[in-house]
Amino acid sequence: MALLDLDGEVVGRARALAARAAEPVITLARAHTTVAVERATLRLAGITGADTTHRAGDVPWVNRVVDTIREHCGLEHGAVLPAFHALREHDLGSLTELAEATAAGQVRFTVPTGKQAERAGRAARTAVAKGLRTVDRNRGQRDKLVARLGDPARRPWIYLIVATGDIDEDVVQACNAARAGADVIAVIRSTGQSLLDYVPEGATHHGFAGTYATQENFRIMRAALDEVSKEVGRYVRLTNYASGLCMPEIAVLAGLERLDMMLNDSMYGILFRDINPIRTFVDQRFSRQVHARAGIIINTGEDNYLTTADAVEAAHTVTVSQLLNERFAHEAGLPDELLGLGHAFEINPDLADSFRMELAHALLARELFPDAPLKWMPPTKHMTGDVFKGYLLDGFFNLVGALTGQGILLVGMMTEAVVTPFLSDRDLALANVRYVLNAAGNLHEDFRPAPDGFIVKRAHQVLGEAVDLLERICRDGLLTAIAEGTFGLMKRPPDAGKGADGVVEKADGYVNPASELLEAGQ
Amino acid sequence: MALLDLDGEVVGRARALAARAAEPVITLARAHTTVAVERATLRLAGITGADTTHRAGDVPWVNRVVDTIREHCGLEHGAVLPAFHALREHDLGSLTELAEATAAGQVRFTVPTGKQAERAGRAARTAVAKGLRTVDRNRGQRDKLVARLGDPARRPWIYLIVATGDIDEDVVQACNAARAGADVIAVIRSTGQSLLDYVPEGATHHGFAGTYATQENFRIMRAALDEVSKEVGRYVRLTNYASGLCMPEIAVLAGLERLDMMLNDSMYGILFRDINPIRTFVDQRFSRQVHARAGIIINTGEDNYLTTADAVEAAHTVTVSQLLNERFAHEAGLPDELLGLGHAFEINPDLADSFRMELAHALLARELFPDAPLKWMPPTKHMTGDVFKGYLLDGFFNLVGALTGQGILLVGMMTEAVVTPFLSDRDLALANVRYVLNAAGNLHEDFRPAPDGFIVKRAHQVLGEAVDLLERICRDGLLTAIAEGTFGLMKRPPDAGKGADGVVEKADGYVNPASELLEAGQ
Amino acid sequence: MSQDKRYVRPYGDTTGDGMVQMSFTLPVPHGPRAEGAAQQLANKMGMDPAMVVHSHAIGADFTFVVVYGSVQHLVDLEQVRVVEREYPLLSPYEVNSELKESLGRKLVVVGACIGTDAHTVGIDAILNIKGFAGEKGLEYYRELKVINMGAQVSVPELVKRARTEKADAVLVSQVVTQRDAHILNTQEMSAAFREAMGDRRPTLVAGGPRFDPLMAGDLGVDRVFGRGTTPGEVASFLVHTVKKGVAA
Amino acid sequence: MSQDKRYVRPYGDTTGDGMVQMSFTLPVPHGPRAEGAAQQLANKMGMDPAMVVHSHAIGADFTFVVVYGSVQHLVDLEQVRVVEREYPLLSPYEVNSELKESLGRKLVVVGACIGTDAHTVGIDAILNIKGFAGEKGLEYYRELKVINMGAQVSVPELVKRARTEKADAVLVSQVVTQRDAHILNTQEMSAAFREAMGDRRPTLVAGGPRFDPLMAGDLGVDRVFGRGTTPGEVASFLVHTVKKGVAA
Ligand code: B12
Ligand code: B12
Ligand SMILES: Cc1ncc(COP(=O)(O)O)c(C=O)c1O
Ligand SMILES: Cc1ncc(COP(=O)(O)O)c(C=O)c1O
């Protein structure tokens with residue numbers, strides 16, 4: 001039921017502006033590839049494993065191959081043509097063998113042409129299609145498990161983070177959290193990972209404030225959650241991060257290991273990891289196509305803006321970013337049901353009427369994106385070492401979640417300002433959620449923002465400011481807006497940032513069967 | 001604004017039934033006096049001090065006098081006739097001198113008749129009128145201070161308890177509490193006091209879980225709060241308890257020392273202190289007349305029922321008791337503005353929709369008694385040693401207070417189940433209230449219980465059950481209902497309980513100038 | 001985890017990290033000195049490292065602090081002293097038949113809340129039919145005769161009633177603990193029974209949320225029940241004392 | 001209160017009562033043994049009496065407890081070690097004129113968030129014009145030249161930049177503390193500066209919410225700033241080091 005009486009025309013205008021603002025960036029994304037997109041493609045085509053003999057530590061085979069291709073013949077035509085051509089030329093059985101041979105210096109990559117190119121392209125397409133079939137099978141398997149075990153009994157889904165740095169401890173904590181009521185488990189990544197230009201291999205035990213995202217860690221956790229899902233009688237979802245320099249690869253690994261949600265924002269890496277904007281937009285488009293295929297819900301990162309900018313002043317930037325994220329997602333093939341658009345309870349709690357303002361913002365998101373499973377993020381910035389105050393604030397955060405029909409509730413921790421969560425923090429936090437949803441979960445029936453009252457006015461104001469900002473962005477360009485610090489006050493020029501050298505303009509003969517199959521939905 | 005759509009006719013019927021149920025008890029109260037009423041009368045007439053030489057410890061002079069009168073000539077005619085007659089006969093200057101003489105065995109009390117009775121009555125009336133003038137002056141002084149310093153900026157008023165057992169520590173804590181935002185300070189009494197048939201004397205330092213109510217303690221605390229009122233720029237109110245065996249005397253002392261609110265319930269002593277019902281109803285009527293004169297807000301004790309009975313099952317007993325308390329109060333001359341009718345947030349928090357049910361009950365009270373400054377009491381029964389959970393629950397209690405327009409908010413303590421409050425508990429509790437009132441205090445504008453929804457239905461149901469119960473009470477009599485455990489599951493027969501021997505049926509020539517002046521409003 | 005796990009430490013998010021949360025108020029004005037004082041106290045308590053993660057002023061003279069840190073002490077599980085239930089937990093049916101067999105008459109139980117304490121909910125939970133936590137109270141047991149004297153009962157009244165009723169067991173409740181009222185009242189009670197009846201005194205049981213079951217000796221009673229006691233536990237204990245008495 | 005008040009104890013509701021609140025989790029299944037273990041730990045920490053006022057299971061293997069009790073240790077206020085600000089707090093105007101006078105050129109400050117830490121809000125609060133808690137940041141000071149390198153800066157990059165900018169002071173921020181990352185990173189940084197520049201290294205300052213200002217020595221830096229630092233404190237410290245340097 002619409003409570004804010006939003007003007008349909010204004011909403012339509014906002015969407016149209018977002019589409020216009022996104023368009024040049026989409027064109028840019030289509031025109032480029034990146035080392036990460038190429039690696040992701042080869043991963044779909046079946047390459048696995050790492051070079052354990054290298055002096056720099058384990059280097060994934062896929063990095064060896066793509067780096068060497070780039071060295072030998074550039075990536076403008078994509079990696080599959082040189083790779084599958086070499087495979088055939090050297091009569092090798094698998095991409096892994098190709099990688100070994102590459103490492104041994106036995107392979108010289110070239111871009112095939114004519115018939116050879118066609119053949120290499122066909123072989124690549126077959127291999128990639130096989131990878132996509134695994135992704136499809138996983139999607140089917142998820143559907144089956146959900147049908148058998150059931151979804152959580154109610155919305156919002158309860159989303160909990162584990163972050164010990166050690167996948168084995170993570171498993172213990174995740175299973176306990178699921179037993180205590182968590183519907184979604186997110187394994188936070190180690191602080192350094194997003195800037196690694198490769199995906200680490202194997203089970204890992206020494207992350208900082210998070211655990212490395214690796215294919216093996218994904219597998220271990222998904223298996224553990226499958227077990228515990230049976231135990232608790234509902235399908236417990238697994239989340240990780242398709243972000244950083246390896247965004248597309250991680251998206252592929254998520255599809256291959258049946259992850260269910262992925263943090264994936266169109267601008268987060270730019271703003272908060274200082275990753276090159278073009279790199280990010282290219283990687284983002286590919287990764288979202290993969291997510292769409294895998295039926296994975298993406299979670300966007302608008303909450304982060306409110307940790308560096310003020311939640312009242314910057315409220316409209318959240319709305320703008322949500323509209324952009326929506327547009328980019330739609331363009332990449334993601335339907336509304338897979339759009340976990342983010343927003344957060346980050347207004348200074350000392351502000352008069354702060355709770356009502358939170359309601360206004362949360363309701364605005366709800367009514368702008370009625371079919372998206374919005375992700376509602378807890379207070380972090382204004383959490384302090386006063387854990388009692390924090391526990392109370394989290395309770396009111398939970399109440400906003402219930403009153404405004406949020407889809408996914410990231411559970412706030414009373415120790416937010418102190419440490420990564422203790423076992424007991426998670427347990428107390430879940431008790432908090434349980435109390436609020438159980439005692440006041442239906443209060444939304446009695447929540448009717450006064451017409452023309454504080455909440456309604458505030459929502460209209462934010463939407464108005466969002467439209468104004470979108471107009472400016474359409475005029476100046478999204479890349480300029482980002483460079484000027486529009487989002488989260490972070491200024492990121494389009495030519496700076498990490499990973500810029502991994503961006504390659506596509507040549508005319510560029511071939512990427514993954515892109516083709518994904519784009520065509522095959 | 002009425003949100004519950006209560007049927008005016010049903011409400012009218014409930015009030016009429018309450019009046020009918022109260023009537024026989026009022027007749028009973030008019031027909032009797034008690035040792036405490038007589039002592040209270042003599043206190044108004046000016047008697048003070050205690051017999052410090054007595055071997056049983058300090059015995060207030062007023063007890064010595066009234067006990068001796070009763071021994072010599074009975075109390076059927078009241079205490080003033082024999083007392084003032086003796087005063088004149090022995091040519092004594094003051095009631096205190098009379099008391100000393102009484103203690104020395106020099107006085108033989110008799111009931112004067114004819115002219116002598118008239119003369120004694122006149123002298124008594126003059127003395128009592130003087131006492132009442134002090135009460136009136138205090139009331140005027142309060143009005144002046146409120147006009148000068150101001151009332152709290154908003155409703156509900158914040159009500160905090162101090163309970164160290166030592167009046168000096170209480171002063172420290174009370175002043176700190178006022179500085180931190182308390183609008184009302186209540187000094188909890190020592191566990192034993194309600195069963196003492198005399199009021200202790202002087203400043204005291206050794207109460208158990210509370211501090212003795214004495215005239216001197218009242219004076220000390222009121223003086224301290226007058227100081228701090230100036231400092232904080234609003235008039236800080238002081239509360240104590242007119243309950244137990246000395247209810248009428250304490251009411252008088254409160255009037256003489258400018259207390260501002262008094263806990264004073266028509267049935268609390270019966271139910272929770274096992275005090276004789278008749279004694280209680282007689283004492284209650286007199287004490288309320290005094291409160292009416294003094295402009296003191298009474299606080300009733302319906303919250304207590306929900307600690308021994310279940311808050312859902314017994315919800316209607318709270319409503320019935322509020323209606324009875326209202327009736328008894330009106331009859332004693334108290335206007336609506338002085339009726340701090342009590343109710344509490346005591347539903348098991350594990351119950352589904354418990355928060356909405358609390359809203360229903362709180363709103364019912366609000367709409368039944370629109371002009372009374374309702375007193376909203378925090379969770380106690382379901383508080384546990386889990387102080388985090390408790391802190392959260394108190395936050396939601398505060399929210400109900402704000403959403404339903406309660407007049408006085410007794411601040412809940414996270415250590416409710418552990419200890420009498422620490423300094424820090426009170427501080428954290430106030431921070432909790434501040435957050436909720438500041439952040440969500442205006443949310444009532446957006447709170448519109450769904451017509452025919454859960455909240456409205458529940459409120460109607462409770463009102464219906466209350467009417468049914470009142471009908472039963474009218475049929476069987478209030479005393480029978482009390483004997484059967486209707487309120488708080490406590491069964492108290494009319495002839496049992498403490499202090500029954502202090503009840504005396506009035507003789508035809510009974511004289512009590514206090515009653516007369518109060519009744520006449522002079 | 002160690003195979004044997006005799007020694008354990010608090011658990012934050014890793015085995016052995018020893019993490020605890022603590023809050024308290026110091027009578028020191030807010031500022032670095034107050035935080036330093038809090039740190040010192042935490043260190044003295046064996047927290048190392050200890051982090052003062054929050055502090056704020058309470059008025060001009062006090063500071064509230066929250067501390068997180070790692071406690072260096074080990075808990076030795078073998079040294080943990082708990083009052084083990086040395087008797088079986090019986091159903092009402094079993095209680096009744098055991099009593100019928102070993103006593104041949106109803107066991108007389110007198111209960112009261114003594115001193116100025118008026119908290120009857122706890123003892124009523126044990127005695128009243130309605131009971132507690134889904135278990136019926138002692139009044140429900142056919143072979144028990146229960147006299148519930150209610151609240152604010154003085155010790156002399158209690159002794160007198162126990163005598164006239166020929167009580168086998170006396171159950172007292174104490175909820176208010178300020179100034180150790182619960183301990184002093186219970187000791188006064190047990191002393192009075194010793195005085196009045198010597199060895200022939202009834203079984204004495206004390207209960208209340210802030211009692212530690214280990215305190216029975218200090219209090220001069222036969223058994224102490226704490227937080228969350230259920231009627232069945234008490235009834236089973238009474239059967240146990242009867243059988244011990246009969247056997248002895 | 002005592003005249004001298006050198007020794008204090010936590011304050012619940014009475015001077016000297018020593019009351020504290022504590023919560024933690026033990027890797028012991030819920031039950032009396034877990035509560036006994038909690039009690040033992042509290043006693044070892046010097047709480048006596050200690051009351052376990054709440055406990056509940058977290059899964060099958062863990063128990064969460066809340067304990068209240070009286071700590072017997074005394075805090076000796078004379079033994080409290082705090083880093084006293086041994087320099088005056090200056091206004092931006094004073095900072096500028098002092099620097100102009102004693103240095104005659106702009107003081108060069110290079111700031112960064114090192115390691116994999118990406119929390120820039122803290123160092124930005126110190127450096128950016130916008131500032132913190134109503135105070136303008138160092139960029140606002142006319143006589144300071146501020147280079148803010150942002151986040152996730154490696155130590156070699158930082159040393160290099162400090163050298164090319166001829167930095168007088170290097171300010172690093174560390175917010176993530178898991179596995180002591182903040183300590184290790186800061187030590188790596190100070191060692192690198194020592195290695196690269198020896199005595200001619202810039203003034204080194206570390207900051208972040210979980211740093212204890214007493215740790216400067218351990219970290220190999222000249223000063224450590226913790227929670228709630230304001231830009232003015234840092235600017236004043238920089239003036240102080242300059243004047244000390246000039247004097248020496
Ligand atoms: C209900 C209640 C009241 C009711 C009591 C009604 C009644 N008829 O009992 C009313 C409102 C009247 C009341 C009044 C007061 N109360 Co009161 N009250 C409570 C409250 C909210 C709940 C207690 C309760 O009923 N618990 C539920 C029962 C089932 O639990 P239980 O008592 O622990 O009993 C269990 C076990 O302990 C055990 N057990 C208990 N007794 C026995 C006996 C035997 C023989 C056995 C075997 C087992 C056993 O078995 C029971 C079942 O498991 C507590 C706070 C809290 N949440 O705990 C405060 C609390 C107990 N009250 C307190 C105080 C101070 C008072 C007052 C003194 C305040 C005042 N000055 O006015 C008054 C005066 C009462 C007096 N003279 O004693 C304090 C005590 C502080 C302390 N530790 O010293 C508390 C803790 C609140 C607080 N934090 O200030 N109170
Ligand atoms: C904002 C924030 C973020 C933002 C950062 C945005 C940005 N550009 O800075 C985002 C959302 C990106 C983020 C991400 C992460 N965060 Co973060 N984040 C926070 C949060 C909510 C607030 C921190 C903050 O901004 N405080 C406000 C500033 C002003 O305070 P301050 O940093 O203490 O700075 C003051 C003083 O310390 C001092 N100071 C600080 N630095 C310096 C330097 C100098 C030289 C001086 C003089 C003084 C000084 O002065 C400042 C002003 O007084 C905290 C939780 C909290 N409430 O504290 C978590 C928190 C810091 N984050 C945490 C974590 C784990 C992460 C992640 C690693 C999670 C993950 N695995 O994905 C990521 C990755 C980040 C990374 N690689 O480092 C943990 C750290 C746990 C720990 N102690 O190890 C925290 C505590 C949350 C938690 N409980 O888990 N985070
Ligand atoms: C959208 C999004 N992506 C990614 C991350 C995680 O950061 P990193 O990519 O450094 O692991 C976050 C952090 O919360 C996020 O919000
Ligand atoms: C109405 C009422 N009167 C009195 C009291 C205090 O009890 P006592 O009379 O024993 O001091 C209470 C307790 O909260 C109460 O609610």
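Remember, it's a predicted structure, so these values are computed and weren't measured experimentally. For the numbers below, each heavy atom of this structure counts, side chains included, while hydrogens, waters and symmetry mates do not.
- The shortest distance between side-chain heavy atoms of B/R448 and A/D446 does not fall below 4.5 Å.
- At a heavy-atom separation below 4.5 angstrom, chain B is approached by A/D386, A/V387, A/F388, A/K389, A/Y391, A/L392, A/L393, A/G395 within residues 380-395 of chain A.
- Proximity to chain A involves both the backbone and the side chain of B/A450, based on heavy atoms less than 4.5 angstrom apart.
- Neither the backbone nor the side chain of B/I347 comes within less than 4.5 Å of any heavy atom of chain A.
- Partners of A/H343 under the ring pair (Phe, Tyr, Trp, His ring centres under 6.0 Å) rule, at least two apart in sequence or in another chain, are A/W376.
- Along residues 406-429 of chain A, the residues that come nearer than 4.5 angstrom to chain B, judged on non-hydrogen atoms, are A/M414, A/L428 in order of number.
- Interface with chain B: from residues 434-444 of chain A, residues A/Y435, A/V436, A/N438, A/A439, A/A440, A/N442, A/L443 qualify, criterion being any non-hydrogen pair under 4.5 Å.
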